[in-house]
Enquirer: 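One structure, pasted below without further comment.
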Amino acid sequence: MREYLLTLCITAAVTYLLTGPVRKFAIVAGAMPEIRARDVHREPTPRLGGIAMFFGLCAGLLVADHLTNLNTLFEKSNEPRALLSGAALIWLIGVLDDKFEIDALIKLGGQMIAAGVMVMQGLTILWLPIPGVGSVALTQWQGTLLTVALVVITINAVNFVDGLDGLAAGMVCIAAAAFFLYAYRIWYSYGIEAAAPATLFAAILMGMCLGFLPHNMHPARIFMGDSGSMLIGLVLAAGAISVTGQVDPDALKLFAGSEKEAVHQTVPVYIPLLLPLTIIAVPAADLILAIVRRTWRGQSPFAADRGHLHHRLLEIGHSHSRAVLIMYFWSALIAFGALAYSVNSASMWIVLSVVILSTIGLVLLLLPRFTPRAPRWAEAFVPPRYRRGRATEADVPETAAPAAAEAGAQAVEGAQEAAAGDRTPVAAGVSGVNGASAVGPRARLADRSRSR
């Protein structure tokens with residue numbers, strides 16, 4: 001565990017330290033596209049954050065190769081090299097797209113080629129454990145097609161959900177954390193070495209996301225772009241492919257009897273592996289809904305719009321930060337709910353906990369205008385809008401309203417007299433005078449009528 005945590009920390013540190021220089025490079029290179037109709041942010045923001053994430057991936061693999069216990073993984077398995085090859089290709093395509101906006105079909109072809117490169121180096125699905133049937137061996141073509149499909153679906157699911165500051169990185173980090181705990185349990189508790197590459201991939205993926213999140217939280221200073229979203233989607237899919245079909249049900253030694261019975265009884269164990277989209281169920285659902293919505297309108301499935309789940313949350317009244325936290329909540333609920341069910345499927349407490357948390361999530365969705373207040377001891381750790389001491393319009397006494405209105409009128413009259421040539425002093429600290437003051441907002445659009 002310590003070596004996995006060290007790899008995670010090194011990956012996060014390299015990603016975090018490189019994101020600042022990458023941001024300056026993106027500004028110089030002109031990777032700051034104009035704001036589109038579907039965008040949520042108000043100011044041009046540099047992309048190419050995937051450059052820092054890719055070098056964090058390389059650093060994590062390099063450190064793991066020099067650690068005592070993880071070094072054997074590189075000697076016995078070619079999967080880390082396969083991941084690096086596919087990641088380098090998909091990252092290069094993403095960088096070109098962030099800079100030059102390449103066609104969607106070209107990106108789709110690049111995703112399929114990257115998945116094919118990993119298959120050629122051994123990172124593929126060999127067989128599937130099917131309940132009631134047993135382990136079904138796949139032919140080379142079947143395994144290749146299933147692997148490519150899984151990689152492409154996961155990459156686009158993550159890419160589709162990358163619409164708010166910190167959303168994609170946080171959701172993938174949650175999914176990677178759940179997957180890491182599961183893969184580590186198989187590797188450590190049951191002594192199955194086939195799960196070691198997936199455990200390493202999950203640890204590195206968490207480091208990439210955690211290192212990038214401080215720069216990407218709202219308001220974001222840099223976006224990961226397609227170079228980052230496609231990269232983390234590929235790494236997440238590679239972890240699931242690495243362990244799915246590589247673990248023999250009899251090797252778990254959970255049940256005695258035939259292989260068919262063992263596979264049937266260990267269905268909860270295989271839920272996070274056979275269906276990696278369960279740990280990114282929210283972006284997967286967003287992907288399916290987007291395809292249905294666009295094809296129903298006669299548009300291309302790759303045409304961009306403002307109908308994603310995070311856009312809907314903003315439309316019903318949720319703030320940017322709250323919409324992101326709600327998406328985090330549902331991702332964590334699904335990912336760790338599947339993880340808990342895989343550990344003990346017979347416990348009713350797990351089902352009841354998931355039902356209760358789902359109810360809480362639905363209540364949060366229906367209360368977009370509810371502003372929570374943090375307790376006194378936690379006010380130093382939350383934004384000012386969640387502190388109890390923050391003054392609001394409702395907190396202002398009614399007697400202060402006429403005085404404020406009179407002061408505002410006097411300030412306007414003073415400004416008009418000064419504009420006419422009179423040097424009557426203007427009350428300081430009044431919002432709207434001489435631009436934005438320390439206590440007042442800045443006008444969003446300047447009044448240019450006087451300058452003409």
Enquirer: Could you tell me the separation between the CD1 atom of Ile113 and the CD1 atom of Ile90, rounded to the nearest 0.5 Å?
Expert: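 With rounding to 0.5 Å, CD1 (Ile113) is 9.5 Å from CD1 (Ile90).
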Enquirer: Rounded to the nearest 0.5 Å, how far apart are CG of Asp226 and CD1 of Ile155?
Expert: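 Spacing of CG (Asp226) from CD1 (Ile155) equals 10.5 Å.
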Enquirer: Nearest 0.5 Å, please: how far is CD1 in Ile241 from OG1 in Thr154?
Expert: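 Separation between the atoms: 7.0 Å.
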Enquirer: For Phe55, does the CZ atom sit with more than 12 other heavy atoms under 6.0 Å from it, leaving out its own atoms?
Expert: no
Enquirer: Output yes when a side-chain donor or acceptor of Thr72 lies under 3.5 Å from a complementary backbone atom of Asn69, and no otherwise.
Expert: yes
Enquirer: To check you understand the geometry: which heavy-atom pair defines the closest contact between Ile102 and Leu96, and what is its length?
Expert: CG2-O, 4.2 Å
Enquirer: As an exercise, state the distance from CE of Met171 to SG of Cys209, rounded to the nearest 0.5 Å.
Expert: 11.5 Å
Enquirer: Is the count of non-hydrogen atoms from other residues, nucleotides or ligands lying under 6.0 Å from Tyr16 atom OH greater than 12?
Expert: no
Enquirer: Let me see the working for Asp97 and Lys107 under side-chain contact (heavy atoms from CB on, under 4.5 Å), right down to the final yes or no.
Expert: CA-CA 8 Å; Asp97 181 66; Lys107 289 194 294 183; 3.6 Å; yes
Enquirer: Considering all heavy atoms of both residues, which atom of Leu146 and which atom of Leu138 are nearest to each other, and what is their separation?
Expert: CD2-CD1, 4.1 Å
Enquirer: Can you name the one residue among Ile360, Thr359, Val355 that meets side-chain contact (heavy atoms from CB on, under 4.5 Å) with Leu357?
Expert: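 Per the side-chain contact (heavy atoms from CB on, under 4.5 Å) rule, the option paired with Leu357 is Ile360, out of Ile360, Thr359, Val355.
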Enquirer: Flag the pair Leu234 / Met230 as yes when at least one side-chain heavy-atom distance between them is below 4.5 Å, and no otherwise.
Expert: no
Enquirer: For the backbone of Ala29 and the side chain of Lys99, can you confirm whether one donor and one acceptor N or O come within less than 3.5 Å of each other?
Expert: yes
Enquirer: Can you check side-chain contact (heavy atoms from CB on, under 4.5 Å) on Ile232 and Met224, steps first, answer last?
Expert: CA-CA 10 Å; Ile232 60 178; Met224 68 172 66; 4.0 Å; yes
Enquirer: Look at atom CZ of Phe25 and say whether more than 12 heavy atoms of other residues, nucleotides or ligands are closer to it than 6.0 Å.
Expert: no
Enquirer: With the side chain counted from C-beta on, respond yes when Leu108 and Val152 share a heavy-atom pair under 4.5 Å apart, and no when they do not.
Expert: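 Side-chain contact under 4.5 Å: yes.
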Enquirer: Between Asn216 (side chain) and Ile222 (backbone), is there a donor-acceptor pair under 3.5 Å?
Expert: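 Pair found, side chain donor or acceptor close to backbone of Ile222.
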Enquirer: For a quick test of reading the model, state the closest non-hydrogen atom pair linking Ala64 to Leu70 and the distance between them.
Expert: O-CB, 3.4 Å
Enquirer: Can you check whether Met118's main-chain N or O pairs, donor with acceptor, with Gln121's side chain at less than 3.5 Å?
Expert: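 Judged by distance alone, no pair lies under 3.5 Å.
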Enquirer: If you compare all heavy atoms of Ile174 against all heavy atoms of Ala332, which two are closest, and at what distance to 0.1 Å?
Expert: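 Scanning both residues completely, I find the closest heavy atoms to be CG2-CA, 3.5 Å.
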Enquirer: How long is the straight-line distance from SG of Cys58 back to CG of Leu84, given to the nearest 0.5 Å?
Expert: 5.0 Å
Enquirer: Against Thr199, only a single residue in Phe180, Tyr182, Phe179 fulfils side-chain contact (heavy atoms from CB on, under 4.5 Å); can you say which?
Expert: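 That would be Phe180; it is the only one of Phe180, Tyr182, Phe179 passing the side-chain contact (heavy atoms from CB on, under 4.5 Å) with Thr199.
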Enquirer: Do you know which two heavy atoms are closest between Asp98 and Ala31, and how far apart they sit?
Expert: O-CB, 4.4 Å
Enquirer: Does the Trp91 side chain pair with the main chain of Gly50, one donor and one acceptor, at a distance under 3.5 Å?
Expert: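 Answer holds: yes.
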Enquirer: Using every non-hydrogen atom in the two residues, find where Ala177 and Phe336 come nearest and quote the distance to one decimal.
Expert: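 That closest heavy-atom pairing would be CB-CZ, 4.2 Å.
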Enquirer: Under 4.5 Å between any side-chain heavy atoms of Met53 and Leu18, yes or no?
Expert: no
Enquirer: Does Met112 CE have over 12 foreign heavy atoms under 6.0 Å away?
Expert: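 No, the 6.0 Å shell around CE holds no more than 12 heavy atoms from other groups.
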Enquirer: Sequence neighbours excluded, which residues qualify as side chain to side chain donor-acceptor pair (under 3.5 Å) partners of Asn159?
Expert: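 Once residues adjacent in sequence are excluded, the partners of Asn159 under the side chain to side chain donor-acceptor pair (under 3.5 Å) criterion are Ser229.
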Enquirer: Below 4.5 Å, heavy atoms only, C-beta onward: do Asp165 and Val324 meet side chain to side chain?
Expert: no
Enquirer: Just verifying a value: how many Å separate Met1 CE and Tyr184 OH, rounded to the nearest 0.5 Å?
Expert: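 Atom-to-atom, Met1:CE and Tyr184:OH are 4.0 Å apart.
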Enquirer: Begin with the C-alpha distance, continue with both residues' side-chain angles, and end with the deciding distance and a verdict on side-chain contact (heavy atoms from CB on, under 4.5 Å) for Phe329 and Leu325.
Expert: CA-CA 6 Å; Phe329 173 83; Leu325 292 177; over 6 Å; no
Enquirer: Taking the side chain from Thr147 and the backbone from Ile125, do they hold a donor-acceptor pair closer than 3.5 Å?
Expert: yes
Enquirer: Going through the distances and angles, do Ser242 and Phe201 end up as a side-chain contact (heavy atoms from CB on, under 4.5 Å)?
Expert: CA-CA 9 Å; Ser242 173; Phe201 296 166; 4.3 Å; yes
Enquirer: In terms of side-chain geometry, is the basic nitrogen of Arg81 or Glu75 positioned less than 4.0 Å from the acidic oxygen of its partner?
Expert: no
